[in-house]
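Take a look at the structure below.
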Protein chains: 4
Amino acid sequence: MGTTRLEAFSDGVMAIIITIMVLELRVPHEASLDALKPVLPVLISYVLSFVYVGIYWSNHHHMLHVTSHVNGAILWANLHLLFWLSLFPFATAWMGENHFAAMPTAIYGVVLLMAAIAYFILARVIIRREGPDCVLARAFGRDWKGKISPVIYIAAIALAFVSQWLAQALFVTVAVMWLVPDRRIERVITPE
Amino acid sequence: MGTTRLEAFSDGVMAIIITIMVLELRVPHEASLDALKPVLPVLISYVLSFVYVGIYWSNHHHMLHVTSHVNGAILWANLHLLFWLSLFPFATAWMGENHFAAMPTAIYGVVLLMAAIAYFILARVIIRREGPDCVLARAFGRDWKGKISPVIYIAAIALAFVSQWLAQALFVTVAVMWLVPDRRIERVITPE
Amino acid sequence: MGTTRLEAFSDGVMAIIITIMVLELRVPHEASLDALKPVLPVLISYVLSFVYVGIYWSNHHHMLHVTSHVNGAILWANLHLLFWLSLFPFATAWMGENHFAAMPTAIYGVVLLMAAIAYFILARVIIRREGPDCVLARAFGRDWKGKISPVIYIAAIALAFVSQWLAQALFVTVAVMWLVPDRRIERVITPE
Amino acid sequence: MGTTRLEAFSDGVMAIIITIMVLELRVPHEASLDALKPVLPVLISYVLSFVYVGIYWSNHHHMLHVTSHVNGAILWANLHLLFWLSLFPFATAWMGENHFAAMPTAIYGVVLLMAAIAYFILARVIIRREGPDCVLARAFGRDWKGKISPVIYIAAIALAFVSQWLAQALFVTVAVMWLVPDRRIERVITPE
């Protein structure tokens, strides 16, 4: 069984997640620039989450590109990832509407952490199916980004209660780190 | 006429259903952990429905994989299934927001029951089109899961008024039972 | 330029339209069966619109199946149809929440009428592109359904102010009439 | 890496954007024609944005049709465009609900401007990947529409504070100008 429909369904879910977050930008009743002020923190948290969902979509895209077959385990590991991504709109809106307060920032970090773990599980399940010599296995050999990200998320969750801005800085750091597209797979595919 | 566009449309609808359920998680106005408490039952009912929609998507995926052609009857049997699935967000939110009270639990069971019946009808309509020797017909020969699920749903609907937790336990039981992907079709396709 | 992406985009929009209508089913705060009563008319109008969008999707599916190329005119005629379909959720909710009152029923009829006209325009634009001997042209030769539907809609709009139930009966009549899938195209393709 | 999945994801996001705008049409509680009056300006701004998203979808469709490969830069330039398009529902609703007041009109212009810039960047990034002799490069050689549109948007943003109707007229002018589908690419592909 090929990956086409799994990709199509995942694309659909991620496209909806990335778009319905915008529904949390409450339209102000007044027409002044001042009325936009309460929207600003929600917009900023939206930008952060938009980039994160974009990163997941991009890496998911690369990962399934080198996956040849789908079995039940891959299908459910993928749904598990989509579940945590589907909590992004809630966590994003709660964080934004409370101006990046400690607790929503920490919960946002928990959702990021769980999504990272789900992505890691999905990669392992695919590698187990494809064999230890598959492109993905070689690409994930030196997966320092995948290993360091959860550590930073855990640090950010703890630090949120000390300084929420430090936690936010860590979230942005991880996003920037991943914004460089996952060249590991490209590097293994393309002969140098 | 092939199954491609029917799959694409069904994928789209199921991707939206699974994702808009998350809009029922009302973002709390306060930033404390306490403020998350009323969200918890809605989150739990969301997890249950997410798994159910995942099961339907997965089985639908397997079923259409062995379907060669689509006619009007299949098309409408499929829309009928999507209709009942589209009531999941409503039933899920009502059940979650009322802390799994008897009546919403029973109604949730009714929606599950109707979706199961719609899935059964879709399978029969495809088998009638494909012929009694098709892969699907052989796979559904010993369809004990498909036969026992509606019975459990009916039991759960009745039991909801005795103990809603017993009803919930039955919903979880059916979900776990189906979580094992529909190997019936795989078994028939793959020569042993 | 092929029809693949036009179909994909149209499928996406129609899948979203058919699903977000369900968001208008307001989740009641109480857990009793009585609390479901105000939801009932909205549910009934949802069923009607679900069937109508299903009909449009099904016929759209048949129509593009026999279309070989897409030009700018087809692209915009298609977007024009999607625009009127996108007003279904609004018209459906307004009609349902006001228990099928005269004015919302008439406006619902106007949206149905405009969608029918947009579908007619799309068919004509495709036929102009494909040539007068194309499958679609022959299939639409005796298009009595397409010709009678707008007439019934106009009658329903006027009758809504006399008896809204008569108008509803006409809407249901047209839906049932179309529920029989558009065999005209199948008849022309399949040699008898 | 091909463009298929990038197109599918973009189609999904644009289909959702174009459809969720309709959720901003608040269903009136009363059943009279008068109750529809406050919906009218939101409907008008919806029509404008529907046409704009349609234009972006159509041109995006043409652009990716002549793109052979996708790299990380194209992927993120595309997400950048989708980000600005995702702000359309917010800007549209704010403008409509405030009856096209100066500030929301100006902000709407800013979102249009940023989307135009993002589209320009995406085109440049694709041309850099495809080479200076690619179809897109030749098509964009005399890209007067792409060059004049941002200038008109900037003018409209400034003029919104003088006369918001003048600004609206400029928005409509640009939309009409683009409604003529991007024949530049077709002209280069089709030998004359």
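Chain letters run A, B, ... following the sequence lines, proteins first and then strands; every chain starts at 1. All values derive from a computational prediction rather than experimental measurement.
In this pair, F100(A) and W165(A) present their aromatic rings tilted. The plane angle is within the 30 to 60° band. Ring geometry for H80(A) against W84(A) counts as perpendicular: the plane angle is over 60°, on a 0 to 90° scale with 30° as the lower cut. Ring planes of Y119(A) and Y56(A): perpendicular class, angle over 60° (limits at 30 and 60°).
Looking only at distances, no side-chain donor or acceptor of E130(A) sits under 3.5 Å from a matching main-chain atom of T67(A).
In this model, no donor atom of one side chain and acceptor atom of the other lie less than 3.5 Å apart for Y108(A) and S45(A).
With a 4.5 angstrom heavy-atom cutoff, L75(D) touches chain A only via side-chain atoms. Using a 4.5 Å cut-off between heavy atoms, L23(D) contacts chain A through its side chain alone, with no backbone atom that close. For A101(D), the part sitting under 4.5 Å from any heavy atom of chain A is the side chain, from C-beta outward, and nothing else.
Annotation: side chain of V22(A) is in contact with side chain of I20(D) (closest heavy-atom distance under 4.5 Å).
Here the CD1 atom belonging to I117(A) is positioned 9.5 Å from the CZ atom belonging to F120(A), to the nearest 0.5 angstrom. One finds the CG atom of L87(D) at 10.0 Å from the CE atom of M114(D) (value rounded to the nearest 0.5 Å).
Per-residue counts of heavy-atom pairs under 4.5 Å with chain A were compared for M103(D), R5(D), H99(D); the largest is that of R5(D).
The interface of residues 9-19 of chain D with chain A, defined by heavy-atom distances below 4.5 Å, comprises F9(D), G12(D), V13(D), I16(D), I17(D).
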